[in-house]
Amino acid sequence: MNYILGAFKPACHISITFSDGKSRKQVPLKKENGQTVMVPLFQSQENISGKISIEPVSGKKVEHNGIKVELLGQIEMYFDRNNFYDFTSLVRELDVPGEIYERKTYPFEFSTVEMPYETYNGVNVRLRYILKVTISRGYAGSIVEYQDFVVRNYGPPPSINNSIKMEVGIEDCLHIEFEYNKSKYHLKDVIIGKIYFLLVRIKIKNMDLEIRRRESTGSGANTHVETETLAKFELMDGAPVRGESIPIRLFLSPYELTPTYRNINNKFSVKYYLNLVLVDEEDRRYFKQQEITMFRLGETS
Amino acid sequence: MMIADGIEDEEKWLAEGIAGIQHNAFYLHRAVDSNNLREALKYSAQLLSELRTSRLSPHKYYELYMRAFDELRRLEMFFKDEERHGCSVLDLYELVQHAGNVLPRLYLLCTVGSVYIKSKEAPAKDVLKDLVEMCRSVQHPIRGLFLRSYLAQISRDKLPDIGSEYEGDGDTVMDAVDFVLQNFTEMNKLWVRMQHQGPIRVKEKLDKERSELRDLVGKNLHVLSQIEGVDLEIYKDTVLPRVLEQVVNCKDELAQHYLMDCIIQVFPDEYHLQTLETLLGAFPQLQPAVDIKTVLSQLMDRLSNYAASSAEVLPEFLQVEAFAKLSNAIGKVIEAQVEMPVVGAISLYVSLLTFALRVHSDRLDYVDQVLGACVKKLSGSPKLEDNKATKQVVALLTAPLEKYNDIDTALTLSNYPHVMDHLDAGTNKIMAMVLIQSIMKYNTCVSTAEKVDVLFELIKGLIKDIDGTLADELDEEDFKEEQNSVARLVHMLYNDDPEEMLQIICTVRKHIMAGGPKRLPFTVPPLVFSALKLVRRLQGLDGEVAGEEVPATPRKIFQLLNQIIEALSNVPSPELALRLYLQCAEAANDCDLEPVAYEFFTQAFVLYEEEVADSKAQVTSIHLIIGTLQRMNAFGVENRDTLTHKATGYSAKLLKKPDQCRAVYACSHLFWVDDQDGIKDGERFKLIFRHNWT
C-alpha cells in the first residue's frame with residue numbers, strides 16, 4: 001500500500017517479504033481500520049531479514065534521493081493522536097540516490113534485534129513494530145511502505161510462584177478465606193483454588209470470579225486508567241453455609257489475555273487482577289480484588 | 001418478598017422454560033447433525049441455562065429437568081463419537097469447563113465425565129471424585145439436588161465395583177462407596193436446607209415440596225445397597241456409621257424419619273440384625289418430633305418376618321441378643337424424649353411385644369418383661385385418660401391372648417394384672433370381657449384353683465364394684481351381658497380331680513361373694529350347678545378316698561352349697577334360692593343323704609313361707625316343691641309325711657280357688673307314686689279330694 005504525500009497516483013509498488021516468510025508463524029493483527037491481517041511473529045533477539053522489491057508503475061522511471069528501510073518500535077497514545085514515540089529505531093540504507101527503471105530487489109537484515117516490549121493493542125495505547133521503507137524524493141514527496149509484524153516474548157516459568165491465600169471479610173457479616181494456587185499464571189494456565197466460608201450471615205445469591213485488565217497510560221497528572229472486565233466466571237450458584245468450600249477451576253485459554261506489562265518505557269502498564277465478587281439477594285456486591293502476574297510461557301519449556 | 005402467586009404463574013414460567021429448551025434443542029440438533037462441536041456446546045449451554053430458574057416449585061422444576069435430561073442423553077452420544085467432532089475426550093472435558101455459568105457447565109461436565117469413564121482413559125474413581133467435588137459449586141438447594149441427582153444417574157452403572165468393568169486398583173469398593181456417600185451427604189444437606197431458602201411459605205406446603213424430592217436423596221442409599229462389593233464388614237464399618245452420622249447431624253425431622261425408614265427398607269435384614277446396636281443407638285439422638293415408633297415398628301416388623309422366613313435364622317437373633325437390644329433402645333428413647341406422650345411409649349411397647357411374640361414366642365419371660373416395662377411407665381404417669389393410650393394398652397393385653405390360644409399362658413405373666421390395674425374401670429371391664437371371650441373361643445378350661453384365683457383377680461372389674469365406680473351408671477343390657485359371660489365362664493372351670501375341683505369351687509365362691517346383690521343372681525346358679533355336677537361325679541365313685549386329708553365328699557359339698565345359696569337371701573332372690581334348694585335336695589336324694597335333702601326342703605319351705613309373697617310366684621313355687629318332692633325316694637315315712645303335709649297345707653292356702661284346686665290335686669301325686677316302692681296311700685288320697693270339692 002502506498003502512502004502518497006502530495007501526489008495522486010502511486011509511482012511504484014513496494015513489497016516487503018521476509019526470508020522465512022513461509023515457515024514463520026503468522027498471527028492475526030487488527031489494524032486501525034478494523035481489518036485483521038496475518039503477520040509474522042518474532043521474538044526479541046531474533047534476526048529480521050528479507051527482501052524489499054520496488055517496481056515502478058507503468059514503466060515510468062522513478063527518481064529518488066535514497067532508499068532506506070527502518071525497523072521501528074512505536075508507542076502511540078490515543079489521547080495524544082498521531083504522537084508516535086519510537087523507542088526503537090534501526091535503519092538500513094538500501095540504495096544511494098538514483099533512478100529505478102525496472103523492478104529492483106534489495107535484501108535487508110536486522111540482526112539480533114532488541115525488542116523487549118511486546119506488540120500491544122490497548123484501549124488508550126498501542127505498541128507496534130513495523131518495517132518502514134522510504135523512497136526519498138524531494139518535491140514529489142517520499143514514497144513510504146509499511147509492514148507490521150508482531151513481537152511476543154516467551155519466558156520460562158518463574159522460579160518463585162507462591163500461592164495467594166488470604167482471609168477477608170466484613171465484621172459479623174461475611175468471612176471467607178480464598179486461595180489461588182499461584183500468583184503468576186501463563187496465558188494458557190488454569191487458576192485452581194477454593195473459597196472457604198468461615199462466616200456467612202448474609203443471603204448470598206451467587207459468586208463470580210472476574211479477570212480484569214487495568215491499563216494505565218501517561219504519568220502524573222496525565223494518567224489515564226482504563227479497566228476492562230475480560231472474563232466473568234460463575235463460581236457458585238446459591239447460598240453456602242459456614243464450612244462450605246467452593247472449588248475454583250478457571251481455564252485462561254479462552255480469554256484474550258496478554259502478559260503483565262509493567263511500566264513499558266515509562267509510558268504505560270497493563271496489569272491483571274482477579275476480582276472475587278459475591279452478590280447477595282438484594283444485589284449488593286462484595287468484592288476482593290487481587291493482582292496476578294501474567295506471563296507468556298515459552299513453548300519449548 | 002414475593003409469595004408465589006398461584007399455579008397459573010408457575011405454569012406460565014414452566015411453559016416458557018420448556019419453550020426455551022425446545023428452541024435451543026432445535027439448534028443443538030442441527031449442530032450435532034453437522035458435527036459442529038462448537039455450536040453444539042453453545043446451544044447446549046443455552047438450553048441448560050433454563051435450569052437456572054428460581055421460579056419453579058420442585059414439582060415443576062422436575063418437568064423442566066426431564067426435558068433437559070433427554071437432550072443431554074443425545075448429546076452424550078455425540079460426545080462419545082470422537083470421529084464426528086474430532087475432539088479427544090480429555091480436551092472435551094476441559095472445553096466444557098469454559099462455560100461461563102456454573103450450572104450448565106457442571107451438567108455438561110457430568111455428561112462428558114460419563115463418556116470419559118466409559119472410554120477407560122482415566123480410572124472411574126478419579127473422574128467420579130472430580131465430579132462430586134466440582135458439584136459443590138451449586139449451593140442452591142433445588143438446583144443442586146437435581147444436578148447431583150443427574151450425577152447419581154449417570155454414574156450408577158459406572159461405579160468401580162468389584163466385578164464391574166470399571167473396577168480399579170487399590171480399594172476399589174471403598175472408592176465406589178466414598179463417591180456415593182459423598183454425593184448422598186451433600187444431597188441431604190441441600191434437601192434439609194430447602195426450608196430456609198426462598199420466600200416464606202406455609203409449613204405444610206414446604207413439607208409437601210420437600211417430600212416430593214425425598215426419593216432423590218434416598219436413591220443414593222439404594223445404590224449403596226446394590227454395590228456388590230459392600231459386604232457386611234464394609235456396611236458395618238463404613239456405610240452405616242457414615243450414613244447415620246449424616247442423619248443425626250442434619251437435625252431435620254423430615255429427613256431423619258425418611259432416611260431411617262430408607263435404611264431399614266433398603267439394606268438386608270441380616271445386616272440389620274448384625275448392626276442392631278449401632279442402628280438403635282441413633283434413635284435417641286433423633287429430633288423429638290420424629291415418629292420413632294413407626295420406624296421402630298417397621299424395623300421390628302421386618303425382623304419378625306425375617307425370623308419367620310427360616311428356622312436357621314433364629315439362633316442369630318439369640319446370638320445378637322436382639323430382644324434385649326430392642327428393649328434397651330426403646331427404654332432409652334422413652335427416657336430421652338421427655339415430651340413423648342404416654343400413648344407413644346405404649347405403642348412402642350406394643351410393637352416390641354409383637355416382636356417378642358412373633359420371634360420368641362417360647363420366651364414368656366420376654367413377654368412379661370415388656371409388660372413390666374409398660375407398668376413402670378404407666379406407674380410414673382397420671383391415670384390414663386387418653387383414649388388412644390387406652391386402646392394401645394388393650395392391644396398390649398390382647399396380643400398374648402391371641403398368640404397363645406391358651407389362657408393359662410396369659411395367667412402366668414406376672415405383670416399382666418398390674419397392667420390391667422392401670423386401666424380405667426370401663427376399659428378394665430372391657431378387657432375382662434376380652435379375657436373371657438378368649439377362653440370361650442378357644443374352649444380352654446382353667447384347671448387349677450390357683451389359676452382360677454388369678455383369673456378372677458384379673459376380671460375383678462366384672463365380679464365386684466371397684467372403688468369409686470357407680471354400678472348404676474351401667475346400661476342394663478351391658479350388665480346382663482357381662483354377668484352372663486361370667487356365668488358361662490364358671491362352666492369352663494374344671495378339673496378331673498375332685499379335690500382340685502372343690503378347691504376351684506371354693507375359690508370362685510370367695511370371689512363372687514363380694515359381687516353384691518345385683519350380681520349374685522347371675523353368678524350363684526352356675527356355681528351351684530357346677531358343684532352339683534361334682535356331687536354327681538362323686539356319687540359314682542367309691543366312698544373310699546385314700547390318703548387325702550379332708551376328702552371331698554358330697555356331704556361337704558352340700559354344706560358349701562347351703563352357704564352359697566344362703567347368700568341369695570341377702571339379695572333378696574327368694575324364688576331363685578328356692579329353686580336352687582330344690583335342685584340340691586334332689587341331688588342329695590340321689591346320694592341317699594336323707595337329712596341333707598330334708599334340710600334343703602326345710603329351707604325351701606322357710607323361703608316359701610317368709611319370702612315368696614307374690615301370689616303367682618307362690619303358685620309356681622309350690623308346684624316346684626310338689627314336683628321335686630314327688631321324685632324324692634330317700635325320705636322315710638315320717639319325713640315324707642311332714643313335707644307332704646306342709647305342701648298340701650300351703651296348696652290349700654293359695655289365694656285363688658282354681659290355683660288351690662290345681663295345687664291340691666298335684667299334691668295327690670305325692671300319695672300315689674306309680675313305681676314299685678312308691679307309696680300308695682289310698683286313704684289320704686281320697687281325703688285330699690274330698691277336701692277340695694268343698
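Predicted model only: the values in this text are computed from it and were never measured. Residue numbers begin at 1 in each chain, while the letters A, B, ... track the order of the sequences.
Heavy atoms closer than 4.5 Å to chain B are found nowhere in A:Val190, neither backbone nor side chain. Only the side chain of A:Glu244 comes within contact range of chain B, judged by heavy atoms closer than 4.5 Å. With a 4.5 Å cut-off on non-hydrogen atoms, B:Arg136 touches chain A through its backbone and its side chain both. The part of A:Ser253 that comes within reach of chain B is its side chain, from C-beta onward, which places non-hydrogen atoms under 4.5 angstrom from that chain. Proximity to chain A involves both the backbone and the side chain of B:Gln97, based on heavy atoms less than 4.5 angstrom apart.
Interatomic distance, B:Asn101 CG to A:Asn206 CG, rounded to the nearest 0.5 Å: 9.0 Å. Atom CD of B:Glu94 sits about 10.0 Å away from atom CZ of A:Arg249, to the nearest 0.5 Å. Summarising the geometry, atom CD1 belonging to A:Ile246 is positioned 4.0 Å from atom CD belonging to B:Gln139; distances are rounded to the nearest 0.5 Å. The line from OG of B:Ser137 to NZ of A:Lys194 is 13.5 Å long, rounded to the nearest 0.5 Å.
Judged by distance alone, with hydrogens and angles left aside, the side-chain atoms of B:Arg105 form a donor-acceptor pair with the main-chain N or O of A:Glu234 at under 3.5 Å. Within the 3.5 Å criterion, the main-chain N or O of A:Asp237 finds no donor-acceptor partner in the side chain of B:Arg52.
For A:Arg212, the CZ atom is densely surrounded, since the number of other residues' heavy atoms within 6.0 Å is greater than 12. Atom NZ of B:Lys219 sits in a sparse spot, with 12 or fewer heavy atoms from other residues, nucleotides or ligands closer than 6.0 Å. Heavy atoms of other residues, nucleotides or ligands lying less than 6.0 angstrom from NZ of B:Lys60 number more than 12. Sparse packing is recorded around CD of A:Glu171, with 12 or fewer heavy atoms of other residues, nucleotides or ligands lying under 6.0 Å away. Surrounding OH of B:Tyr62 are at most 12 heavy atoms belonging to other residues, nucleotides or ligands under 6.0 Å away. Residue A:Arg24 qualifies as enclosed at atom CZ: its count of foreign heavy atoms under 6.0 Å is above 12.
Between A:Pro240 and B:Arg193, the shortest heavy-atom distance links the atoms CA-NH1, 4.1 Å. For the residue pair B:His98 and A:Tyr255, the shortest heavy atom distance occurs at O-OH, 4.3 Å.
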